[in-house]
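Residue numbers begin at 1 in each chain, while the letters A, B, ... track the order of the sequences. Just so we're clear, the structure is a prediction, and the values are computed from it rather than from any experiment.
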2 protein chains.
Amino acid sequence: MKTAKTVASLKTVASLAGVSIATVSRVLNGDPVVKDETRLAVQRAIKTSGYHPNRVAQRLRSTNRSKKLIGLLIPDIQNPFYVDVIRGIEEYAYANGSAVVIGNFSQDPKREKLYIDILRSESVDGFIVAPSHGKDQDVEELINDGHAVVCIDRGLSNLNVDVVKSDNEKGAFNAVAHLIKLGHKRIAHITGDPAIPTTQERIAGYIAAHKHYGIRVDQKIIKGKESNFISGVEITKQLLALPDRPTAIFTANNLLTLGALETILQQELKIPEEIAIVGFDDVYWATSLNPPLTAVRQHGFEIGQRAIELLYQRIQQPDRLPANVIVKTELMIRRSCGFK
Amino acid sequence: MKTAKTVASLKTVASLAGVSIATVSRVLNGDPVVKDETRLAVQRAIKTSGYHPNRVAQRLRSTNRSKKLIGLLIPDIQNPFYVDVIRGIEEYAYANGSAVVIGNFSQDPKREKLYIDILRSESVDGFIVAPSHGKDQDVEELINDGHAVVCIDRGLSNLNVDVVKSDNEKGAFNAVAHLIKLGHKRIAHITGDPAIPTTQERIAGYIAAHKHYGIRVDQKIIKGKESNFISGVEITKQLLALPDRPTAIFTANNLLTLGALETILQQELKIPEEIAIVGFDDVYWATSLNPPLTAVRQHGFEIGQRAIELLYQRIQQPDRLPANVIVKTELMIRRSCGFK
DNA sequence: CTGAAAGCGCTTACAG
DNA sequence: CTGAAAGCGCTTACAG
């Protein structure tokens, strides 16, 4: 029961069908040159032997054909945005009989490097990566070595590469404009890690909205350190302790939003009457919050799909010019922003 | 720039160092038999050539040694519980230089089958699976064919297999007991898909708590269809429309909880005064809810770690008796259960 | 239309 | 201590 059965190989099938392994391979690969009679015999042998091709051998052998395996480097699998991206990629891969190897590097560049090495030596067809920062040398090296790479969420500053990402500036603009139109004049912005390009784009949108509506920007209420929950908690505390406390907060991602929400709750402030909030990143639990959260929705699933499409194009046409795909965001207006 | 550099192989290194590929392989594998001088020359050649072993060739060749690759079959990557499990598994794999291939089958048995086939033909060392249902034939076949398999969250009814899961019955018992101690006497239970073993165990805990405290069980307020959000919404609506409406709801997983929460919010009922709620599955946003949610925490990360430990044991010792690891749950008491 | 043979990049007995 | 050779399961020119 527990001893591994020997698995059927080309050889098994070949001897069963009374042909050579080359012929079996041809049938498997749909080579039209094979005689019908032979093909049938082989197909029968495949059935009865329960043969499944060995993808490892196929990958080792084949040089030009697709290996049906793509590598994914994700900064944080706990972030629902990336989960949507993964689903988009997987959906497409699944339809192609491709498998996806996910390396979740938890924002750790060392771990990112290890996964790059592993995936490289697994001979994947290509990579979809959210680089840990703007000048990610490991990803650059990958590209310079001739691998097909598509970046998501953020590009590379030194290299022209395929990128798929959200319209961050516009998304931030719309969120802040929404607050302004509701009468808010003193709006804080809790930013993500300043080293990430996305952070800068969202700040730009925040500022642009102020300019557009003729409202003064106060740099003292634009604050950010890291992109995580703790940072959201700390900065919210600082903001709420200010003598001229803001009437609204715009948070730059879902983790920061959560930190802000928890802090507001603890101080027993009413949303939106005492403090309004709008967050970047919509999440599936936003409508179950009390009050439901107004948020900028990123279409992660679409971002994933565009990314893998671009990747397959890049594989087939290594020299085409890099594309820059911007996926629209959408402001989901719910009840966390009203003004007294 | 875009033309793939030829990658260094054993051959490259061997000729650079002036030795045979066998010797290079020995150095790479730490064979102590190699002369120091030779070893150094080879190591130098490895450095200068930028050699990285080809894992595909290694996997094809080696029969008894670890392939450093494990397969993961996850029913729903959107469920934060599984994300925790994945992280636990990955942490361990990372420390071992192993990679993890994730197949997210979205509760679709067909897709599960495809991923099993793919992973099998990738010659993974073993599988960690949450079977789509109690009698999952594809997983059974995998085991019968001699593959190392560990199940998480639920076992297989026809086969004795390694299983790691939460103490579902006790977790449910504690949640319901908590409500009863707060004075609730009419507690509804929104269950998951009745076909999943987990669902039955949680129902058992719910009933046991009632028995233990001498409270009558009303089958009419134990309801469930699927394990998703929509099901949570629908059943909550039915429960709230009842003439003798329950004073509390115990939801069997995080998606159902979310559905219940949204419905309660829409009907503008106050939690916990008008309706109390306790959910199975703690989530990282539970403390940002208003009021913060009382929930049964499953230790997904530990479940993942136990599972991969068991898997490696199973690989080394294919004949040891199947283990059944139960990981404790923990009731996180917050503010959603108080009674008037 | 089909088969024999080379080779992808490794590991591992077997000689020496 | 080291090398030549076989072989893992495939694919693909090359003959015939």
Measure the shortest side-chain to side-chain distance between A:Q58 and A:R55 over non-hydrogen atoms and say whether it is less than 4.5 angstrom. yes
Answer with base, sugar-phosphate or nothing: what part of the nucleic acid does A:V34 contact at a heavy-atom distance below 4.0 Å? sugar-phosphate
Check whether A:R314 reaches the backbone of A:R320 with its side chain - one donor and one acceptor, N or O, closer than 3.5 Å. yes
What is the distance from CG of A:D36 to C1' of C:dC1, rounded to the nearest Å? 12 Å
Salt bridge (charged side-chain N to carboxylate O under 4.0 Å, His left out) between A:R306 and A:E309: does it pass, once the steps are laid out? CA-CA 5 Å; A:R306 288 299 88 71; A:E309 279 169 23; 3.2 Å; yes
Stepwise, does the side chain to side chain contact (heavy atoms under 4.5 Å, CB included) test hold for A:L73 with A:L119? CA-CA 9 Å; A:L73 288 160; A:L119 294 181; 4.2 Å; yes
Would you mind checking if A:E122 and A:K67 are paired as a salt bridge, meaning a charged N to carboxylate O distance below 4.0 Å? no
Paired with C:dA13 by Watson-Crick or G-U wobble geometry, both distances under 3.5 Å: which nucleotide is it? none
List the protein contact pattern of nucleotides 8-16 of chain C with one symbol per nucleotide (5' to 3'): B for base contact, S for sugar-phosphate-only contact, - for none; contact means a heavy-atom distance under 4.0 Å. BBBBBB---
Ignoring hydrogens and angles, tell me if any N or O in the side chain of B:D145 forms a donor-acceptor pair with the backbone of B:H147 under 3.5 Å. no
According to a strict under-4.0 Å criterion, is A:T23 in side-chain N/O contact with OP1 or OP2 of C:dG3? yes
